[in-house]
Amino acid sequence: MSLDIDKIILHSLRLDAEGRPLADTRAQPLVVDDAVQGLMAELHRIYNGKGGKGFGYFAEPAEGEEAPDPRFCEGLTALRQGTLDFVPFSVQLTEQLVETLARHELDEHGVLLVARYQYVGVDYLLLALLDSKESVTVSDTLELRHIQYLDIGKMNLVARVDLTEWQTQSESRRYVTFSKGRVGRKLGDLFIELFGIREGMDAKLQNKGLLQAVDDYCESKQLPSDERTEYKKQVFKYCSEQASAGEEIEIRELSAELPGENDLDFYSFIGEEYQLEERFPADRSTLRGLTKFVGSGGGLTLSFDQKLLGSRVFYDPQTDTLTVKGVPPNLKDQLLRHS
């Protein structure tokens, strides 16, 4: 499937002597050659498969709320209408990002990419801060040379606007997506402020709702333990395959692949009670709960297949004790050597 790049430009974010962000902007967009095309195709693939994204949408403030910064929405509207060119739009966005980074006291820096592109008929705007790394390569004369390259696999500050969904589905609450960052970082708050958006769909909450719906469905059908395990494995398999392909979980499609009285049995069961979106990204850590019991706390982390409960793993709620029969060999070896 082809990816068509409309416009793409690079700017630079650096830190001054006091650690404050500054921008060096470019005056012309990049020429779309094979290198640019390859970079964008890889960025699109990586971003689609990136977990932990936040979702948002443009909305009027509720009564009593402070009005959001309108510059991004106004600039994007002008860009779409053709009254603002791409380069000044990207410079305005870069300068606004620098202001927002300074307010949030974030020291992000690197090569800032702003691109408008189309993929399978959908119009996107992508903003990504790429880290520049140094490495060593071997020349044709077998000499070592230092090179600079963009580490696109570890981009933390990245966001995308689905311009088509914004234009055609005004009621949508998910056409702006953005990285939320690692624990302790405020990238989610930064993007909400930068874009002037309200946070919409919570993907992790959607995945938890799906797990609850699967549990309730199996309970309502009074499925035996082995059938329940197999049913959850099928849900997990579908969701994992979607995540690996960079695709979202489609509830109707998932239901059609599951056993039932008809191919939409599970879909009909969910109805509106669980408040699940028709589609949402897979959250791998949450989905593990379909096939495993996982927990951690107080220096202890445990994970085991649900099918082992009652056969090799036994829980006594009276004493709050887990008994494990058949300790894994590598763990057993560590325990014997320690004792």
Side-chain angles (χ1 to χ4, degrees), residues 1-11 25-26 28-30 32 36-37 39-50 53-61 68-97 100 112-130 152 155 157-180 187-188 190-201 203 246-248 250 277-281:
M1 296 182 183
S2 64
L3 183 149
D4 298 317
I5 301 172
D6 181 25
K7 291 286 192 303
I8 181 171
I9 195 168
L10 299 178
H11 301 302
T25 57
R26 178 185 168 97
Q28 296 292 331
L30 297 178
V32 181
V36 170
Q37 194 75 37
L39 173 66
M40 279 303 302
E42 188 66 3
L43 284 175
H44 177 81
R45 183 191 66 80
I46 292 173
Y47 188 71
N48 278 357
K50 191 177 182 63
K53 292 194 284 278
F55 294 78
Y57 61 104
F58 300 116
E60 294 296 325
D69 190 331
R71 285 180 291 174
F72 177 74
C73 185
E74 290 175 352
L76 195 55
T77 300
L79 179 69
R80 287 173 54 208
Q81 293 174 345
T83 57
L84 178 64
D85 289 337
F86 178 78
V87 172
F89 166 79
S90 72
V91 171
Q92 174 184 303
L93 175 57
T94 301
E95 293 172 348
Q96 190 181 347
L97 174 59
T100 312
L112 184 67
L113 178 147
V114 183
R116 183 172 182 177
Y117 69 99
Q118 294 80 39
Y119 184 75
V120 292
V122 180
D123 193 11
Y124 293 107
L125 179 86
L126 179 74
L127 168 74
L129 185 62
L130 308 176
I152 64 176
M155 52 183 175
L157 197 154
V158 56
R160 188 172 70 184
V161 183
D162 185 328
L163 299 172
T164 300
E165 186 167 330
W166 178 29
Q167 183 175 10
T168 61
Q169 302 179 43
S170 58
E171 75 286 352
S172 172
R173 296 163 59 90
R174 45 165 297 159
Y175 46 78
V176 182
T177 60
F178 52 89
S179 56
K180 300 189 94 171
L187 297 186
L190 177 142
F191 280 119
I192 289 172
E193 181 181 321
L194 174 67
F195 294 153
I197 57 175
R198 180 170 295 174
E199 192 160 12
M201 182 187 72
E247 301 292 337
E248 297 189 343
E250 301 267 358
E277 300 279 344
E278 288 288 329
R279 60 184 177 90
F280 51 86

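Quick caveat, the model's predicted, so the values are computed rather than measured. We use all heavy atoms of the structure for the numbers below, so side chains are in, but hydrogens, waters and symmetry mates are not.
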How would you list, by chain and number, every residue that makes a ring pair (Phe, Tyr, Trp, His ring centres under 6.0 Å) with F72, sequence neighbours excluded?
F195
Looking only at heavy atoms, which two atoms of [X] and [Y] are closest? And how far apart?
X: A203; Y: F55; value: CB-CE1, 3.8 Å
X: L127; Y: V114; value: CD1-CG2, 3.9 Å
X: I197; Y: G56; value: CD1-CA, 4.1 Å
X: K50; Y: S179; value: CE-CB, 4.0 Å
X: E199; Y: F178; value: OE2-CZ, 4.5 Å

Less than 4.5 Å apart, any side-chain heavy atom of D162 and any of Y124?
yes
Distance-only check: which donor-acceptor pairs under 3.5 Å involve side-chain atoms of residues 163-170, not counting sequence neighbours?
from: T164; atom 1: OG1; to: D123; atom 2: N; distance (Å): 2.8
from: E165; atom 1: OE1; to: R279; atom 2: NH2; distance (Å): 3.1
from: E165; atom 1: OE2; to: S172; atom 2: OG; distance (Å): 2.5
from: T168; atom 1: OG1; to: T164; atom 2: O; distance (Å): 2.8

Test of understanding: with salt bridge (Lys or Arg N to Asp or Glu O under 4.0 Å), list the residues that count as partners of E42, not counting sequence neighbours.
R45
Residues forming a salt bridge (Lys or Arg N to Asp or Glu O under 4.0 Å) with D69, sequence neighbours excluded
R71
Look up atom [atom1] in [X] and atom [atom2] in [Y], then write down how far apart they are to the nearest 0.5 Å.
X: S90; Y: L125; atom1: OG; atom2: CG; value: 9.5 Å
X: K53; Y: K180; atom1: NZ; atom2: NZ; value: 12.0 Å
X: E193; Y: Q96; atom1: CD; atom2: CD; value: 9.0 Å
X: I46; Y: I152; atom1: CD1; atom2: CD1; value: 4.0 Å
X: Q118; Y: I5; atom1: CD; atom2: CD1; value: 9.5 Å
X: E277; Y: M201; atom1: CD; atom2: CE; value: 6.0 Å

Derivation and outcome, side chain to side chain contact (heavy atoms under 4.5 Å, CB included), residues F191 and T100
CA-CA 9 Å; F191 280 119; T100 312; over 6 Å; no
Distance-only check: which donor-acceptor pairs under 3.5 Å involve side-chain atoms of residues 75-86, not counting sequence neighbours?
from: T77; atom 1: OG1; to: C73; atom 2: O; distance (Å): 2.8
from: T83; atom 1: OG1; to: A78; atom 2: O; distance (Å): 3.3

I need the single residue from L30, V87, V91, T94 that forms a side chain to side chain contact (heavy atoms under 4.5 Å, CB included) with I9. Which is it?
V87
Under 3.5 Å: donor-acceptor pair, side chain of Q37, backbone of L3
yes
State which residues pass side-chain contact (heavy atoms from CB on, under 4.5 Å) with L126; sequence neighbours excluded, sorted by chain then number.
M40, L43, L113, Y117, V158, R160
